[in-house]
Amino acid sequence: MGYIIHYDICALVIYAITGVVFYFKKRIPCNKNKVFGILVGDSALSTVLDILSVFSTGEWGIGLKIFFHTAYYFTHNLIPFLFVIYILFLTDGYKEMSALFKSFLYTPMIVDLLLVITTPVTHFIIYVDSQGGYHRGTLQPFTYIVAIYYLIFGIVYAMGNRSMLSRQVVTSITAFISMTVVAVIVQMINKLLLVECFAASVCMLLIMFTLQSQDDMIDQGTKMLNWSSFVNRCSIKYASASDFTLLLIRIPDFKMFMKTFGGRFSNSLLRSFSDYLYNFVNLGDGFYLEDECFALMFPKDSEKVGETYRAIRKKLSENWNIGTVDTLITACFMRIDCPDDVDNADMLVDFIEQFKHREPETERLLHATDINFYDSKRRSEVENAIDKALDNRGFEVYYQPIYSSSRNKIVSCEALVRLKDEKLGFIPPQEFIPIAEENGKILKIGKYVFEEACRFIKKGVGTSLGIEYVQVNLSVVQCMQSDLVEQLLSIMDRYKVDPSSICLEVTETAAVYTPHIMEKNIKTLSDYGVKFALDDYGTGYSNMTYLLSLPFRFIKLEKEIVWECFKSEKAHIAIESTVAMIKKLNMQIVAEGIEDKHQLDTLLGMGCDFIQGYYFSKPVPEKDFIEVLKKNNTQAVTV
Ligand code: C2E
Ligand code: CA
């Protein structure tokens, strides 16, 4: 016999480890994983058959020997082919194959396998003589040619689609190919040294721990593919120019469920919802994109998108049962045809972020074109404009007067930042402030506005015309800085500004979450004499503990809330009682957005202490603001 089978035995051990780990690992049963499973199974079987071929002697019967050898060739020759199929699934290239590509892919394998199957009769590949002697047939080198063909095919395909493969994948492909080539050469030189199966087993193990490592691809709560695998998948799709359609589903009430029923219930709800979604797509096409948002991926223009939407909608019209609780779930849906609606993967990510955070619209299936998409190009232009303005002192601070009903004059003003860019023109604060908050530039902007306000106070013109304090907006990001107090105190000190001439406005959204550091900052500054106003009151939070625990002196009614008052009697009653309640708590009310006399009279009639709005003046540059003050405050304001 003389064959050295130790390597085959080692290969079997390695396959056993690979098989066990692969079987017990959490996996998404997508095609890629199925092919990997088949690849490992086939390679392990070929190793067993290799050993059996070696051991099958004359006593086993010639028929059996022929069978083992033929079966070994069959399974062994399949390995490079299956590996190419695996690479195709990795790059999503399997679905988009042309007929020509398919013929290049399948023909050599079909011919090879036909030759192997018929070899007991034709003796083309191998044959066993009547004494049980094993011989290679005339066409046996063809099987090597086919193997080399697939290895080259794999290299060429992988290199051609390099952009879609991570470095890990390229490394694994290179390792697989080089190990196989080395093993084939070794075995060709020394026919008795059976190392091919061993090389293949090591490669499978390598793939197992690199390409197949998926723990970080699955969202643990929903067991769906997570956000990063979604982004990865879409990038591959865009790079391979393969069209697809997404159905996004978001459960806007989820946070409410979380608060009302607790985390356990909410997680079960997410889980049962994701299980339900798998009725419509394969496991590899369902994603959980965080923030209670799911995505289902379909081939482009698939009728299934509409059907799925209608089915989920119907299902949601019934109660959803979680344990002992029955509840109704509402959802927002959006369809995105890629790449028609969104040009590239980066834009898609921005797009989905916007879908996640926009006002929920639950009545219909939104199409991507329904959203006024704020693209990443505009965003980076705005980011550049912010940077430029910070470098060249391009921001400006405008002032808007605040009228006091008890003193019948303008006693304060709000400092509002303005950004005008050479290229983009005027950029509204609603647009650039959130961007600056996200990238941290708000800290510099906030500092600049605060310094400007101090400089204005120090000049004394405003004060001489009746301004007692200036209101400055404080972003939530600023509120959470551990050195906020020192920073603001040192600026006030530099400009010799008394803390009581500053009122900082903190939004209700920020106050609701009140992280510890923010509470500390507010309380310390307040102890130094800085006033605080709760900005945008009424934007939808019912929890009022922060109203009582933080030292707010003023509550600013958001302009949309004020305007509601004139749209419905009920809103009018609600606002009137809110004003009364706040006054009882010994806080003063500022009504924003007052544009005409009727609004002014109504809000004053309700008992508001201060009024801010276009009725008195829009926010204007400092020079114009002084004129507004001169006009209004040198004589009693006529309201
Ligand atoms: P806000 O703090 O609620 O500021 C009031 C906004 O309402 C200002 O918009 C003001 O121009 C507008 N407004 C006041 N009265 C009326 C009115 O009668 N009618 C109408 N239609 N609008 C009125 P602006 O200046 O565009 O600022 C928008 C938001 O940007 C501000 O809302 C604030 O959240 C933010 N912002 C502005 N400046 C700063 C700043 O220096 N720092 C920070 N962190 N945020 C700022
Ligand atoms: Ca404000």
Within 6.0 angstrom of Lys618 NZ, more than 12 heavy atoms from elsewhere:
no
Applying salt bridge (Lys or Arg N to Asp or Glu O under 4.0 Å), name anything that partners Lys447, two or more places apart in sequence or on another chain.
none
Strictly by ring-ring contact (aromatic ring centres under 6.0 Å, His included), give each pair with a member in residues 416-448 just once, sequence neighbours left out.
Phe395-Phe432
Would you say the ring centers of Tyr403 and Phe610 fall short of 6.0 Å from each other?
no
Tell me every residue that passes side chain to side chain donor-acceptor pair (under 3.5 Å) with Arg418, counting only those two or more places apart in sequence or in another chain.
none
Set of residues satisfying salt bridge (Lys or Arg N to Asp or Glu O under 4.0 Å) with respect to Lys420, sequence neighbours excluded
none
Applying salt bridge (Lys or Arg N to Asp or Glu O under 4.0 Å), can you list everything that pairs with Lys570, at least two apart in sequence or on another chain?
none
Taking atom types as modelled, is there a side-chain donor on Gln487 or Gln481 under 3.5 Å from an acceptor on the other?
no
Lys583 atom NZ, over 12 foreign heavy atoms within 6.0 Å:
yes
Salt-bridge present (Lys356, Glu292; N to O < 4.0 Å):
no
Sequence neighbours excluded, the answer for side chain to side chain contact (heavy atoms under 4.5 Å, CB included) partners of Asp253 is Met256, Phe257, Thr330
Validate the cation-pi geometry between Lys531 and Phe554: distance from NZ or CZ to the six-membered ring centre under 6.0 Å, angle to the ring axis within 45°.
no
Tyr276: side chain to side chain donor-acceptor pair (under 3.5 Å) partners, not counting sequence neighbours:
none
Set of salt bridge (Lys or Arg N to Asp or Glu O under 4.0 Å) partners for Glu486, sequence neighbours left out
none
What salt bridge (charged side-chain N to carboxylate O under 4.0 Å, His left out) pairs are there with at least one residue in residues 390-404, not counting sequence neighbours?
Arg393-Glu452
With sequence neighbours left out, write down each residue that passes side chain to side chain contact (heavy atoms under 4.5 Å, CB included) with Asp498, or none if nothing qualifies.
Ser500, Ser501
Ser235 and Asn232: side chain donor to acceptor below 3.5 Å
no
Of Gln612, Gln400, Gln471, which is the lone residue that meets side-chain hydrogen bond (donor to acceptor under 3.5 Å, both in side chains) with Glu414?
Gln612
Report yes if the distance between the aromatic ring centroids of His572 and Phe566 is under 6.0 Å, otherwise no.
no
Should the pair Glu431-Arg378 be classified as a salt bridge under the 4.0 Å nitrogen-to-oxygen rule?
yes
Please identify each residue that fulfils side chain to side chain donor-acceptor pair (under 3.5 Å) with Thr245, with sequence neighbours left out.
Asp337
Determine, for Asp285 against Arg233, whether the closest basic-nitrogen to carboxylate-oxygen distance falls under 4.0 angstrom.
yes
Take the angle between the ring planes of Tyr288 and Phe294 and call it parallel below 30°, perpendicular above 60°, tilted in between.
tilted
Atom CZ of residue position Arg553 - does it have more than 12 heavy atoms of other residues, nucleotides or ligands inside 6.0 Å?
no
Report the C-alpha distance between Leu246 and Leu348 in whole Å, list the side-chain angles of each, state the deciding distance to 0.1 Å, and finish with yes or no for side chain to side chain contact (heavy atoms under 4.5 Å, CB included).
CA-CA 11 Å; Leu246 291 172; Leu348 183 66; 4.0 Å; yes
Suppose the criterion is ring-ring contact (aromatic ring centres under 6.0 Å, His included): which pairs have a residue in residues 218-237, not counting sequence neighbours?
Trp227-Phe230, Phe230-Phe287
Take Thr222 and Asp219, measure what side chain to side chain donor-acceptor pair (under 3.5 Å) needs, and give me the verdict at the end.
CA-CA 6 Å; Thr222 56; Asp219 174 74; 2.7 Å; yes
Taking salt bridge (charged side-chain N to carboxylate O under 4.0 Å, His left out) as the criterion, tell me which of Lys444, Arg494, Lys458 meets it with Glu451.
Arg494
Please test Phe254 against Leu270 for side chain to side chain contact (heavy atoms under 4.5 Å, CB included), starting from the C-alpha separation and ending with a verdict.
CA-CA 9 Å; Phe254 189 77; Leu270 271 192; 3.5 Å; yes
